[in-house]
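Chain letters run A, B, ... following the sequence lines, proteins first, then strands; residues in each count from 1. Predicted model, so just to flag it, every value in this text is computed and none were measured.
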Protein chains: 2
Amino acid sequence: MPSSVQQGTGELQISTAFSVAVTGTHDASLDSGAQRFSKQLSQITGIPFRTNTSGAPTLEVHADHGREAVQKLGEDESYELTVTASGAKITAPTPLGALHGLQTFLQLVQITPSGFAVPAVTIKDQPRFQWRGLLIDVSRHFIPMDVLKRNLDGMAAVKMNVLHWHLSDDQGFRAESKKFPKLTGMGSEGKFYTQEEIRELIAYAHDRGIRIIPEFDTPGHSRSWFVGYPELASNPGPFTVENENGNQSVTDPTREETYKFMDKFVEEMGKLFPDQFFHIGGDEVDAKYWDSNPKIQAFKQAHGMKTNQDLHVYYNQRLEKILARHHKTMVGWDEILHPDLPKDIVVQSWRGQESLAKAAEQGYRGLLSYGYYVDLMWPAARHYAVDPMSGAAANLTPEQKALILGGESAQWAEWVTPENIDSHIWPRNAAIAERLWSPQNVTDVNSMYTRMHAVGLELEALGLTQYSTRDRMLQRMAGTSDITALRVLADVVEPVKDYNRWDDAKGPIDFHAPLTRLIDAAYPESDTARDFSALVQRFIQSGHKDQAAEAKIRNWLIQWRDNDAKLEPLLRESSLLQEDIPISQNLAMVAAAGLQALDYLDKGEPEPELWKAQQIAVTEVAKKPVAGLLLQVTAPIEQLVQAAGQGQAK
Amino acid sequence: MPSSVQQGTGELQISTAFSVAVTGTHDASLDSGAQRFSKQLSQITGIPFRTNTSGAPTLEVHADHGREAVQKLGEDESYELTVTASGAKITAPTPLGALHGLQTFLQLVQITPSGFAVPAVTIKDQPRFQWRGLLIDVSRHFIPMDVLKRNLDGMAAVKMNVLHWHLSDDQGFRAESKKFPKLTGMGSEGKFYTQEEIRELIAYAHDRGIRIIPEFDTPGHSRSWFVGYPELASNPGPFTVENENGNQSVTDPTREETYKFMDKFVEEMGKLFPDQFFHIGGDEVDAKYWDSNPKIQAFKQAHGMKTNQDLHVYYNQRLEKILARHHKTMVGWDEILHPDLPKDIVVQSWRGQESLAKAAEQGYRGLLSYGYYVDLMWPAARHYAVDPMSGAAANLTPEQKALILGGESAQWAEWVTPENIDSHIWPRNAAIAERLWSPQNVTDVNSMYTRMHAVGLELEALGLTQYSTRDRMLQRMAGTSDITALRVLADVVEPVKDYNRWDDAKGPIDFHAPLTRLIDAAYPESDTARDFSALVQRFIQSGHKDQAAEAKIRNWLIQWRDNDAKLEPLLRESSLLQEDIPISQNLAMVAAAGLQALDYLDKGEPEPELWKAQQIAVTEVAKKPVAGLLLQVTAPIEQLVQAAGQGQAK
């Protein structure tokens, strides 16, 4: 949602004669951005534009001056977009703003009774936060270049401007180092990005107004470093990335060789990644590997360190000096926050607005990621409600608030593959992007969902696969392209939330296992369940009088009640679907309960004794996760049962 | 369907430990084929295979000797595949056969209650015909490299071995010539393949055991040549590819400069395309441009030519000599057949088995394309019933029959774009591929459909888009991702058949117009209509006693009757869907008629006077095409109405 929108009269038709022209400063990324825009508009509308158009362009894009060769934090991203029935114009101080304007134009395109058109409008827009990022973990599951590229297209569409590339973790080191070739040579199982590919992705992102920040997590989460370089670890090893275990060690901060290694490494990576900022992780250091090493204990004593945090701070201080020598600004997770570190570092909070506020109070810049972990399967509305300036941050002074640079959503990759990662990030990430771009008072949830669904459709047209991949996965599970009944079930379930899937795994995760179950294909948020719930609220609030709502509720319930009979034979024949037999039965059961409830409400009859208690028992069963899936229509059906039960109580 | 299949006992499980190894002759295309196989098996099953497996491979692939550097017509393509519960082995004389064996293995993979598995089996297999091709026209609509590549993957899956690349026609010249740069410079609107891309595609095809034959259509269908080189034409020009008109001219066969041009051109293209065969088109020469040119008339008289066919033969003879000088064998359409041409040319029949037989009788080799035009929207069964050896060809001697090399399906590109071409070719092309590979007596239609649908699913997993693109197009038309009701309609319609769409266009086709209507998204063949029709036959043949069939029929009819109410508001709001309002209404009407028919049949009551006549009138209306679409469930519903009507007649 732009910061200012003024509706005009009429609309601009999109025809085969549509054309776009860049005026003002010529800039390579704006020129290619305009070309890309033209291709994307064609993908969205299916209209092949004539290449030989003459005369005035339909859309003029104007940037006052150029942009930095290496994109900087805080560059002007504002733009103005004017659309009238006869043409459109984007003006912006910089190409970055102009690129955003082009994306806004795409989002205004809609099918109408008279063709594709953009409504007349005047928009003045700029971001609320200057750092709007998405973290993609490529260590737990390797994500190939083409998938990263299409996700950068998605980020550009929602005006995110930082890709936080989580390039190393216990399970794999993914960035080629020429100085330390064993990092990927032994620590990646052959799955890594060459330096050429890294440069290619940085250029691709730059073209779209997106900075790329590398993260090399240290001293924890760094088992993959130790496979090739066990001397860096606090215990002897050997180490491997091929099994399923956790970290197995942390970096030894007491050896001078560690800092020589890091110096060379930061020098090399600092040149490869031109961005000012360099993320060193710093989270979740398992100090038991320090405790069990007598040399490290001796070092602590000799240096008067009382706690392992002291040792961690020492490590971070040394590391920060190395970064500074190579002209890089340190970014790290909450745990690195300590007054002994210089004030120019940036703290990224995965724990909450409190650590963000605490950092700001001490004069540190901060980023919020707490509340934006898309791997936790929250509904978009829940992410949307999290504001970097709320909670403890709300009480900061204006100067302190200015230190909060923005935030980052995070796609940790324990449970995603290249196949399904799009549907885990999108379209929900658009809601987080809007939180970070739009004014703080833009909070209406229904309005957000309308925009989010429109963006979801746009992204699919641009080549993201968050919708189409689900059908392909369902077809695989079913062994047939006739997945109508399976889709009915898939539409009303969601994966379990928060860390329940981790907990259910009951032990180490096998990162080589297929992720091909219904839990892997299901959308994190069920639109059907959300719509159905809204219908039930409408019906109940009408005093059970809204017949249109009731008819729609009935249609859903009948479909769900009858679905299991069609689906069960298919579930039985597939090893991937057998675990879902109970949830399909649960859907039939609760739907039948809902239909009975409607019947009692219609007749105004008291329901039989014990009926309500029985149905509530049914819904209680159906609320329990099955095969990692929640049946998300259970709660609104329970409301219907409760409503029918209240009838008797009168 | 392989030529010999022997079922074994048990099945081979596909686990993360699955591995493939090549033994025998080492060959680059077999090595990369085995790697590709591994990736494809992973795409199909979603199982990431371990790369560090040791011990015996699960699947051993063995080729006795190598293959030709340039793939030749008639190379051995046979293979044997043995699968047991403990492992599998492919043996073949050449890598070509081994590659086919790998594809057969992929097609045997199925989901079972205990995981993905391949049933134990012994297969001995070889092709019936040595030339099994697919023609893709890239002139009428340009088809980008990535789309061609995935279609080559599809061809490899169904063991087709020739891509006939229709590179030039009136509407565009698509292959870069360095000697004649204006061919693409002026005749392609910037949409063409560079020589580097052409070499890349040839290598890609070679890797998959596929030959690429270029077609440069001449002297007709060649307006695009004349834009840059008007001196080649029989009338003065100027010419353009940018408007919608037809051919505007044909090549002037009377000027020596034409042959100098063709000599240089064939020399260049003959080196670029290494295959032995070179297709010169030769079809549909519009002789009015010769008739109206006095110089050409004078030439004919001077050379004693009576007919324009004489002039065409003269042209072909000169052209054939040029090809022979550059070591190429001429291929052309029916029209080139003439006893004055040498016996080594190949005639491709678009007119029927008769011209094929005629050619064979005269000692010419032939290819059948008649009956295999997938752009005509025939059901797969109709293509499948066409055999190169049937009709007039059935009466040939064995020696003459041996001259029939095989056949080619053809995707002419008047009505396809890169977006929807996959769904026009696939999965129906698999039925044609089977006709050309499998024994002549493999003709059971239901069995073919089972295999075709399995291949369709496989291809979608491998990256073809014949199913997923429809949903994306429906979403565009609808302006929403909620396309459930639109899908119900789309599932029961088919585009009009044969050349009705050309006829409906009533004039020149605008090749720059979007192809984004329901007719462009609908599958050429409706599985739902086919299944529904089978149900109705089952029900009627049971004397209306098969209750299970009746229940399913009823479910369908109720869904169709009620669908228009849900769909109509959406159709009304979209310029792309408004034309489909009547067909959605028709579906509701005929479904209601079908339900009434079932009611009368159930009650055994005589239906009211005039009822049958009224309902037949309804079905007559519904049979008429709407917006280029046929409502394919009308005929079986009419059968229900007829059956109910007969009840009264008793």
Between [options], which has the largest tally of heavy atom pairs under 4.5 Å with chain A?
options                      : value
B:Pro514, B:Pro113, B:Gly46  : B:Pro113
B:Thr484, B:Leu576, B:Asp471 : B:Leu576
B:Glu458, B:Glu460, B:Glu419 : B:Glu460

Chain B contact via [X] - which portion, at a heavy-atom distance below 4.5 Å:
X        : answer
A:Arg487 : side chain
A:Thr480 : backbone
A:Gln43  : backbone
A:Ser575 : both
A:Met477 : backbone
A:Leu571 : neither
A:Ile47  : both

Donor-acceptor contact below 3.5 Å, side chain B:Gln110 vs main chain B:Ala117: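 Not a single qualifying donor-acceptor pair exists.
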Under 3.5 Å: donor-acceptor pair, side chain of A:Ser574, backbone of B:Ile111: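 No.
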Counting C-beta onward and ignoring hydrogens, is there a side-chain heavy-atom pair between [X] and [Y] closer than 4.5 Å?
X        : Y        : answer
B:Ser114 : B:Gln13  : yes
B:Leu474 : B:Leu518 : yes
A:Leu567 : A:Leu489 : yes

Side-chain ion pair, A:Glu579 and A:Arg517, N-O less than 4.0 Å: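 Answer for the salt bridge query: yes.
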Residues A:Asp491, A:Arg470: salt bridge by 4.0 Å N-O rule: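 Between A:Arg470 and A:Asp491 there is a salt bridge, with a charged N closer than 4.0 Å to a carboxylate O.
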NE2-CG distance between B:His512 and B:Leu515, expressed to the nearest 0.5 angstrom: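 B:His512 NE2 to B:Leu515 CG: 12.0 Å, rounded to 0.5 Å.
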Aromatic ring pairing A:Phe532/A:Trp560, orientation class (parallel under 30°, perpendicular over 60°, tilted between):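 Because their plane-to-plane angle is over 60°, the rings of A:Phe532 and A:Trp560 count as perpendicular.
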Aromatic plane relationship, B:Tyr523 with B:Tyr467 - under 30° parallel, 30 to 60° tilted, over 60° perpendicular: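 If you compare the ring of B:Tyr467 with that of B:Tyr523, the planes turn out perpendicular.
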Let me know if [X] has heavy atoms under 4.5 Å from chain A in its side chain, its backbone, both or neither.
X        : answer
B:Ala454 : neither
B:Thr45  : backbone
B:Arg476 : both

Tell me, out of [options], who's got the most heavy-atom pairs with chain B below 4.5 Å.
options                               : answer
A:Met473, A:Arg472, A:Arg572          : A:Arg472
A:Thr417, A:Val109, A:Ile44, A:Leu457 : A:Leu457
A:Gly479, A:Ala461, A:Pro48           : A:Pro48

